[in-house]
Structures are given as structure tokens and as C-alpha cells.
Number of protein chains: 2
Amino acid sequence: MILSTKGRYGLKAAFELALNYGGGPVSLKTISSKYNISENYLEQLLAKLRKQGFIETVRGVNGGYMLARKPEEITVGMILRALEGEMTPSDCLSGDVCTRESVCATRVIFEQIEKGINNVIDNTYLGDMVRQNSKVMQEAKLL
Amino acid sequence: MILSTKGRYGLKAAFELALNYGGGPVSLKTISSKYNISENYLEQLLAKLRKQGFIETVRGVNGGYMLARKPEEITVGMILRALEGEMTPSDCLSGDVCTRESVCATRVIFEQIEKGINNVIDNTYLGDMVRQNSKVMQEAKLL
DNA sequence: AGTATACCCTAGTAAAATTGTCAACTATTC
DNA sequence: GAATAGTTGACAATTTTACTAGGGTATACT
Ligand code: FES
Ligand code: FES
């Protein structure tokens, strides 16, 4: 398992906000009950996204959460990194030099894995998810 | 962080065995001191690899570990999965149906991430690592 | 035969990460 | 001012990680 619930829940929530982009704030309760996620826990995840500038909030009655930018400007990678930290297979890749060996055979592998992951998450925008989803939903209706 | 020390240490050990393929068994102590890994801990990792048929052992004096197959027949993915379990971003992808939604927008993302990872680890063999390493070592010498 | 070497196996365990829960507080609307 | 809804910090249960400890077994060498 590569992603914890933090990344998985948080991405679902971000997708939900993208789905409702432009339609006013969505309350925590709405999201948590739709996806069956603990309310208080999801709150903490959304707080992280807010502190990093991806979502905005409106307090009080009829308040809730909303994307701070267009769905076309937020990548899946931004969301996942905000929640899970760097998406690296090994610490060595982010900053620190390999401890023991000057030339490390496994490092090359880790770099490639990282590249493979980044390639997906940095090139998929929340907007893409919304479009893809509406296409799938339409096809499901046609059956 | 995607891989734990299990996968990272285990892959290093497997690489070391690939490096010595055909040259008799390599002792635990040799590997653990070369890579600065706890002996008893590494033993447990190698036990997993043995139980899944990737390495063989010779007991007694001058004994040690050796690959059970050619380095060209063992992928990085085999090693990592033996140690870490399925390399999936989300449980949903391995067997279980998505719980809440019939059509899940994030599932597509997880599938692509998984595909990206598998693409690397299933197409890289220990033999490739050895060749790549010897090339890098030669280049380093020429400087 | 005896001893040193080296793998085998199980149990335990401290620390960290994960996955939440709880409760008091603040802001907004009606 | 009552109801709604986000904010914050503390904290607790559970699981995973990364080991450690120690006895057991097989082999080689003398
Ligand atoms: S020791 Fe850092 S990647 Fe090898
Ligand atoms: S609920 Fe399983 S991938 Fe979405």
C-alpha cells in the first residue's frame, strides 16, 4: 500500500470540490457522509489543503469548503503531496546523499519509480478527473 | 515514502547476490556489513525471499545465500512484492470492490499510478541492475 | 568427535505512524 | 441569540516498522 487514507480520502474530497466548482461552498458533512469518511478526520485533511492554499473556506451557516483555484490548475500531485508529503520511494532521493555507497545500484530504480509516479500525478488535473467522470457517468446511463 | 526499509534493504541484498551470481554463497554478515544493515533484521528479509523461492541457502561453514534463479529471470517487482506485499496505491485495486460508489473517480488515478510503478519494477531485472552498475563503475574509473 | 561457522525460527518490543475521536472555540447567517 | 459550520489542539487506539534476543540446526574442518 502506497497511499494512506490521508491521500485517498483527501483526493476524493478534492475531487468532490472540483465537481462543485463555481457552485458555492460544500459542507464537511456533505462530503464525509457521501464518501463515508469520519467527519473530524476529514476536517484535518482539509485543513492541510487549506493551509497550503488549495482550498478556501466559508464559515457559518451555509458555509463549507471550495477550491481556491480552478480545477484545471490543481494537479493530483499537489493534493497528494500536501497530504502525504513527498511521493518518493526512498529518502535518499530527496536531498540526503546515499550513506554507504558512493554509487548505489538501487538508487537508479528508485529514481525511475519516482519518475513513473510523478508522471501520472503531475499530469492529471482535478479538471481531468471531472471530465473523465462525467463521461463515464454518461456511458453508464446509456446502458 | 513509498518503500519501507524492508523493500529497500531487501533489494540491495538481492542485488548483491546478483552481483555474486555463480560465485558461491554470500554470507549474511558480508551483506549486512557491506550495506550497514542489522544482521538479524536482514535475515528475516532474506527468509521471506527464500520462502518465495527467489534465493537458496547453504548452511554451515562457508555457507550463505545465493539466487535461486538467474539474475535475468528475477525482476525488481518480484523482490519488492515478496517483501512489501502488493505494490498498490489503494486496497480497492486488489480484489475488493469499491465500497461506496459504483463509479469512483479516484480509482482511475490509482490504477494509473499502479501501472506506472509496475511498468518500472516488472521490466527491470536484477541482471539489468548488475549491467548498469558495472557500466557506472567503469565510467567512474575513467575520470 | 568436537568446535566454530552460518543459516533457521520464534518471540518480544520500543518507537513511530496511522487513523482516528473529543471538546471547546470562533465566525456567520437567519 | 440560536443554529450552523469551520478551527484548533489534545489525545488515544491500533498497526506497522525496525529491530533485538536467543535457542536450534546443519555443515565443514581439524
Ligand atoms: S543508499 Fe540511497 S539510494 Fe542507495
Ligand atoms: S472506493 Fe475504491 S478506488 Fe474508489
Side-chain angles (χ1 to χ4, degrees), chain A residues 1-13 16-17 20 24-52 54-68 80 83-86 88-91 99, chain B residues 1-13 16-17 20 24-68 80 83-86 89-91 99:
Chain A
M1 281 274 291
I2 285 161
L3 293 169
S4 68
T5 56
K6 290 201 285 281
R8 300 212 303 278
Y9 292 173
L11 183 58
K12 286 189 185 189
E16 185 64 23
L17 295 184
N20 283 66
V26 183
S27 80
L28 180 62
K29 196 167 283 182
T30 305
I31 304 176
S32 68
S33 71
K34 173 163 180 181
Y35 292 98
N36 204 27
I37 300 171
S38 150
E39 210 172 315
N40 294 43
Y41 185 46
L42 182 58
E43 193 169 36
Q44 291 170 41
L45 306 182
L46 293 178
K48 282 194 181 187
L49 294 180
R50 179 176 53 81
K51 278 169 191 158
Q52 299 193 43
F54 299 115
I55 65 180
E56 283 171 353
T57 52
V58 179
R59 293 171 78 152
V61 180
N62 296 326
Y65 298 86
M66 54 212 302
L67 289 188
L80 294 183
L83 296 163
E84 303 261 6
E86 259 318 301
T88 176
S90 173
D91 280 333
T99 46
Chain B
M1 282 271 293
I2 285 159
L3 292 168
S4 68
T5 56
K6 289 202 285 283
R8 300 211 302 279
Y9 291 173
L11 183 57
K12 285 189 186 191
E16 185 65 22
L17 296 184
N20 284 67
V26 183
S27 80
L28 180 62
K29 195 169 284 183
T30 305
I31 304 175
S32 67
S33 69
K34 175 163 178 182
Y35 293 97
N36 204 26
I37 301 171
S38 150
E39 212 171 312
N40 290 14
Y41 184 46
L42 183 57
E43 190 174 35
Q44 291 169 39
L45 304 182
L46 292 178
K48 282 194 182 187
L49 294 181
R50 179 176 52 81
K51 277 170 191 157
Q52 300 194 42
F54 299 115
I55 65 181
E56 282 172 352
T57 52
V58 180
R59 294 171 77 153
V61 179
N62 296 326
Y65 298 86
M66 54 213 300
L67 290 187
L80 293 183
L83 296 163
E84 303 262 6
E86 258 319 299
S90 174
D91 281 333
T99 44

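Numbers restart at 1 for each chain; the letters A, B, ... are given by sequence-line order, proteins then strands. The structure displayed is predicted, hence computed values, not measured ones.
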Item to check | Sugar-phosphate only, base, or nothing, as touched by A:N62 at under 4.0 Å among non-hydrogen atoms | outcome: sugar-phosphate
Item to check | B:D91 side chain reached by A:M1 side chain, heavy atoms, under 4.5 Å | outcome: yes
Checklist outcome for this item: Between CD of B:E84 and C1' of D:dA18 the distance, given in whole Å, is 12 Å
Checklist outcome for this item: B:K48 NZ to D:dA18 P, in whole Å, measures 11 Å
Checklist entry - Does the C:dT26 base have a donor-acceptor partner in the side chain of A:R59 within less than 3.5 Å? => result yes
Checklist entry - What integer distance in Å separates B:N36:CG from D:dC19:C1'? => result 14 Å
Next on the checklist: Just the rounded figure in Å: distance from P of D:dA18 to CZ of B:R8.
Outcome noted: 7 Å
Checklist entry - How many angstroms lie between atom CD1 of B:I31 and atom NZ of B:K12, to the nearest 0.5 angstrom? => result 12.5 Å
Next on the checklist: Can you work out whether A:A47 or B:Y9 has the more 5'-proximal nearest nucleotide on DNA chain D?
Outcome noted: A:A47
Checklist entry - Across the strands shown, which category fits A:K6 at heavy-atom distances under 4.0 angstrom: base, sugar-phosphate, nothing? => result sugar-phosphate
Checklist entry - Does the side chain of B:R50 get closer than 4.0 angstrom to OP1 or OP2 of C:dC9 through an N or O atom? => result yes
Item to check | Side-chain donor or acceptor of A:E84 paired with backbone N/O of A:S4 under 3.5 Å | outcome: yes
Checklist entry - Within the structure shown, what part of the strands sits under 4.0 Å from A:L46 by heavy-atom distance: base, sugar-phosphate, or nothing? => result nothing
Checklist outcome for this item: A:L28 atom CG is separated from C:dC22 atom P, nearest whole Å, by 15 Å
Checklist entry - Nearest-Å distance, OH (A:Y41) to P (C:dG20)? => result 6 Å
Checklist entry - Given that A:E39 and B:V61 both sit by DNA chain C, which one's nearest nucleotide is further toward the 5' end? => result B:V61
Checklist entry - Roughly how far apart are A:S32 OG and A:L46 CG, rounded to 0.5 Å? => result 9.5 Å
Checklist entry - How do B:S27 and B:Q44 order along DNA chain C: which one's closest nucleotide is nearer the 5' end? => result B:S27
Checklist entry - A:Y41 versus A:T5: any side-chain heavy-atom pair under 4.5 Å? => result yes
Checklist entry - In whole angstroms, how far is the P atom of D:dG23 from the CG atom of B:N40? => result 13 Å
Checklist entry - Do any side-chain nitrogens or oxygens of A:S38 fall under 4.0 Å of OP1 or OP2 in C:dT19? => result no
Item to check | A:S4 side-chain N/O to C:dT19 phosphate OP1/OP2 under 4.0 Å | outcome: yes
